[in-house]
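In this text the structure is predicted, and so the values were computed from the model without any measurement.
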Amino acid sequence: MSAFTDLTLTAALEGLAKGDFTSVELTRAHVEAVEAARGLNAFVTETPDQALKMAAESDTRRKAGTVGLMEGVPLAIKDLFCTKGVLTTASSHILDGFKPPYESTVTANLWKAGAVMLGKTNLDEFAMGSSNETSYYGGVVNPWRKPGDNKNLVPGGSSGGSATAVAARLAIAATGTDTGGSIRQPAAFTGTVGLKPTYGRCSRFGIVAFASSLDQAGPMTRTIDDAAVMMRVMAGFDDKDSTSVDIAVPDYRADLAQSVKGLRIGIPKEYRVDGMPAEIDALWQQGMEWLKAAGAEVKDISLPHTQYALPAYYIVAPAEASSNLARYDGVRFGLRVPADELADMYAQTRAAGFGAEVRRRILIGTYVLSAGYYDAYYVKAQKIRTLILNDFTKAFESVDAILTPTTPTAAFGLGDKVDDPVSMYLNDVLTVPVNMAGLPGLSVPAGLSKEGLPLGLQVIGKPFDESTVLRVGKAIEDAAALKQKPEAWWRAA
Amino acid sequence: MSLDKATVAHIAKLARIAVPEQDLPGLATELSGILKWIEQLDSVDTSKVEPLSSVVNATLRFREDNITDGGQRDAVLANAPVSAQGFFVVPKVVE
Amino acid sequence: MATLLHGATGEWEMVIGLEVHAQVTSKAKLFSGAATEFGAEPNTQVSFVDAGMPGMLPVINRVCVEQAVRTGLGLKAQINKVSVFDRKNYFYADLPAGYQISQYLQPIVGKGTIILDLAGGETREVGITRLHLEQDAGKSLHDQDPSSSFVDLNRAGVALMEIVSEPDMRTAEEAGAYLRKLRSILRYLGTCDGNMEQGSMRADVNVSVRKPGAPFGTRCEIKNVNSIRYVQQAIEYEARRQIDIIEDGGTIKQETRLYDARKGETRSMRSKEDAHDYRYFPDPDLLPLVVQDGLIKSIAESLPELPDEKKARLVRDYGIPLYDASVLILEKERADFFEAVAKGRDSKLSANWVTGELFAALNKTGRDVTDSPISAAKLGGLIDLISDNTISGRIAKDVFEIMLETGKDAGAIVEEKGLRQVTDTGAIEGVIDAVLAANADKLAEYRSGKDKLFGFFVGQVMKQSGGKANPALVNELLKKKLAG
């Protein structure tokens, strides 16, 4: 059984293709793993019956000779994707009981390619958080622990459940969404691969919106090859999303065959942030060496407005969120706290339905858009975005990809940062600029900290150049050759 | 910008989120802290910069004028906390 | 025309501006594929986008954009090649997403003009400030249940054009003329059906008063008035209310008011008491709306003849009075009807009959010219009988009444009822002789200088002939006989 759950996506596809095992067998192993890992709290909703049914259908299709690009592969789906007839919560109390009568485009693409759904994964409420601790359904536990230490660590966020599901071998791969680092930061914290595609690459249709101008769905996997396969299936033009871009989706896996030889890799000095641990800097240096050894050219670049990305993000994202979350009003779906008057029903429902972090961001967002402050905050932040985008555009005139650390630290303890919003926000200081500029960004596991926790490097690419990003990631993956995986301590517990 | 209690109460009302009176001071301090941290942006001269409208370098795409949706009242109402006679039902609104 | 109101402290001038919400004629909604048809069962024309369901996204309808451009061109307005959709954030039960997608800082259409047709053929220009596209809200029903309101989202997301005028109007009549003219332009263009009863055209009315020549006063906005008559009544009431307040030493509070048609008065809207802060910002689900030159050009080339052009042409080609022309052009169908009648006939006579007898008859029965009981061809037939002296104008009115009732041809009625005009000189002379004989005293008075009695004799002769005698012949023969 552990053999099945240790399979990578590409290995599983090969095994299924050769007839070594069926999707039902593969799926059952994962269903059992999910059940045995409830202590990690990675799933809000498990869908074992649906999983086995989908697996059986996949086996039937395979027998009939119809084989999709992810035929028979069991996946975990972040509970921000609407799934038809299956509870979709965004890990918020306010979506109590919500069963969408529709399917998100990205998950529909995955099912069309033959994939199987194991369940819906836990996340920070409405994807607002960097530790998964804002979930109404409780925090997710990182499968990694410091060797010899029983302290539970956060898996990062907001796609913490998906990251944990992939790292703990509960699912072969998972979907995530990334608004300011929500795929890459948990990927780094759990030793997995997470790719945030170019804005417009994956359809946002059917994904519960957090900040519409920043949100992107992407794959979370254990290898770069897996990410390449899954990315191809998730991506694609969708006429139901006005911001979806009609541009051909390449065969990313085939593109991985090309080496990084001759690629110019930029190293932005501004990403060496104050107080960054020496081991992060060392890992970054190591990454440069690996890429140089693989034939890439490494050069210093400057992205001078980097430090302003995070504060600007904390204007733009809450502003959009305050508007996007106005629809949660107790009228058409989800929680309603009864009251005699409409206005009171709204206020009571939203006070009870949203957690503290979501309320905080809605209030910030409401404030920065309100009369008299709009220009000073929102317009200012959008101008900063222009400067950040210009920085990247200029940098990409002389480099093909950019290498940085993904996070300033390794995973921290549950509860360590919940009382200080700004220090929690600083988790995303290295990932947010990528969202502000709409670029593709990848986190690839590159090593372990002194304490034995995973660390990731981030590769940033030109718009719609996920292929190059993945190639650079592959070179790092190959060079790092990490074999460690978290011990399955939760099974015993 | 430091927010006072009254401002927090006002934006909470705009956002339709009930905030108990005793929570206002704490919330004001918290939000002020975030805003103060955001204000580092003031040091950037953006007087000659255009605000970003979208990172997607494109314009709005048109849909054709065809009826492709609707006729699904049960699905529309299926998740409603309260509905009756084909309507969503809400507490009385006084115009 | 009196444009001033009289108050205790002298004369006052009203200042009026209108914001009209016109439903765009389209099959599907502005950002979803649900139908727009009026009168469907509740919530049957609702997509998940319209219901503000999580993860749903707007995609714009091409035709709605084209209709806005067409309307802009019809209003001789500037078309903005780049415009932006913003979110207008507020909470209301029939606003599912918690925001309305609208255009705030960069509307699709800029400044334009409307020419009002006033009484007596006078005209007056009113500026259009802007036109923008936005979503309609749903409908809340408050009378179904004592403690709850019922929400129907069929209208939610239907495309509206908000057309904003400059505060250029000074009387309630001008506001009425503005709405009538705007409605006919929209109908000519086919961009809005202008049906105020069904709510496809609603007006928000801004009213203030001032002493002539003084700066603008504080205005009140009367929301969602749904007939031209009510708009005029609401303006009259509101202006008088404001004058009374100011003259009593008070000041006007800027506020949103509601017109209560039953009571004939405006009142403050409770639900709008809170000053709104709509927190507009560009909708991140949408990109800038770009209208290409080619599209503008092709729409411009396909524009129909518009009311003002038609008016000028009717005056020029048919020689009819300006006022008649301005009455005819209000509805394209009326003008078409007139042109069908006037073709090959006396145009002034045709205009008189169409704008006079026919419109009066239609008004009385509440019909449109499109379902007139008398077709253009039949009315033309009647006019032909007048022109060739088969019947007199007076008899024609009787024939017209019979046509209205029976739908028969004028010619058939004339034959059937023996109404053919008498032009036989001998026969008319016989009647004259008889009349003169029966009124020997009056004849003597006439001949002794009381000329005014001529009319009496004409009347008697016409009466005796059953109205059928040719009036011109009667005049001519009578003059001779009276002279002796």
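Both the backbone and the side chain of Ile38(B) come within less than 4.5 Å of a heavy atom in chain A. Using a 4.5 Å cut-off between heavy atoms, Ala437(A) contacts chain B through its backbone alone, with no side-chain atom that close. With a 4.5 angstrom heavy-atom cutoff, Ser53(B) does not touch chain A via any of its atoms. Contacts between Val55(B) and chain A at a heavy-atom distance below 4.5 Å involve the side chain alone, from C-beta outward. No part of Leu77(B) comes within reach of chain A, as not one of its non-hydrogen atoms sits under 4.5 angstrom from that chain. For chain A, the nearby parts of Ala15(B) are the backbone and the side chain; heavy atoms of each come within less than 4.5 Å. With a 4.5 Å cut-off on non-hydrogen atoms, Leu363(A) touches chain B through its backbone and its side chain both. Looking at Tyr425(A), only its side chain comes within 4.5 Å of chain B, counting heavy atoms on both sides. For chain A, no part of Gln72(B) is nearby; none of its heavy atoms comes within less than 4.5 Å. Residue Val422(A) touches chain B through its side chain alone, counting heavy-atom pairs closer than 4.5 Å. Contacts of Ala78(B) with chain A are absent, with no heavy-atom separation under 4.5 Å from either backbone or side chain. Looking at Asp419(A), neither its backbone nor its side chain comes within 4.5 Å of chain B, counting heavy atoms on both sides.
Tyr308(A) and Ser43(B) make their closest contact through OH-OG, 3.5 Å (heavy atoms, listed as atom of the first residue, atom of the second, distance). Closest approach of Lys380(A) to Thr46(B), counting heavy atoms only: NZ-OG1, 3.2 Å. The two residues Ile17(B) and Arg359(A) come nearest to each other via the heavy atoms CG2-CD, 3.7 Å. The heavy-atom pair separating Pro81(B) from Gly334(A) by the smallest distance is CG-O, 3.4 Å. In this structure, Thr243(A) and Val56(B) approach most closely via the heavy-atom pair O-CG2, 3.7 Å. Of all heavy-atom pairs spanning Ser242(A) and Leu60(B), the tightest one is CB-CD1, 4.0 Å.
Between Pro91(B) and Asp340(A), every side-chain heavy-atom pair lies at or beyond the 4.5 Å cut-off. With a 4.5 Å cut-off on side-chain heavy atoms, Arg61(B) and Phe237(A) count as touching. At a threshold of 4.5 Å between non-hydrogen side-chain atoms, the residues Leu342(A) and Lys92(B) do not count as touching. Side-chain contact between Arg16(B) and Asp329(A) is absent, with no heavy atoms from C-beta onward closer than 4.5 Å. Using a 4.5 Å heavy-atom threshold, the side chains of Gln382(A) and Glu50(B) count as separate. Looking at Leu31(B) and Tyr367(A), their side chains never come closer than 4.5 Å, going by heavy atoms from C-beta outward.
The candidate with the highest count of non-hydrogen atom pairs below 4.5 Å against chain A, out of Val90(B), Leu52(B), Val82(B), is Leu52(B). Ranking Arg385(A), Met436(A), Lys99(A), Lys383(A) against chain B, the residue ahead of the rest is Lys383(A), based on heavy-atom pairs under 4.5 Å. Note on Leu389(A), Ile384(A), Val245(A), Leu439(A): by heavy-atom pairs under 4.5 Å with chain B, the leading option is Ile384(A). Of the listed residues (Ile34(B), Leu27(B), Val19(B)), the greatest number of heavy-atom pairs within a distance under 4.5 Å of chain A belongs to Ile34(B). Per-residue counts of heavy-atom pairs under 4.5 Å with chain B were compared for Pro463(A), Gly438(A), Gly97(A), Pro338(A); the largest is that of Gly438(A).
Here Leu387(A) contributes atom CG and Asp45(B) contributes atom CG; the two are 9.0 Å apart, rounded to the nearest 0.5 Å. The CZ atom of Phe464(A) sits 9.5 Å away from the CG atom of Asn57(B) when rounded to the nearest 0.5 Å. For the atom pair CG (Leu426(A)) and CH2 (Trp37(B)), the distance works out to 6.0 Å, reported to the nearest 0.5 Å. We find the CG-CG distance between Leu310(A) and Leu41(B) to be 10.0 Å, quoted to the nearest 0.5 Å.
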Are Val44(B) and His305(A) close enough, and set up right, to give a side chain to side chain contact (heavy atoms under 4.5 Å, CB included), and what steps lead you there? CA-CA 9 Å; Val44(B) 188; His305(A) 297 92; 4.3 Å; yes
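Between the side chain of Thr366(A) and the main chain of Ile11(B), no donor-acceptor pair closer than 3.5 Å is present.
Salt bridge present: Glu30(B) and Arg360(A) bring a charged side-chain N and a carboxylate O closer than 4.0 Å.
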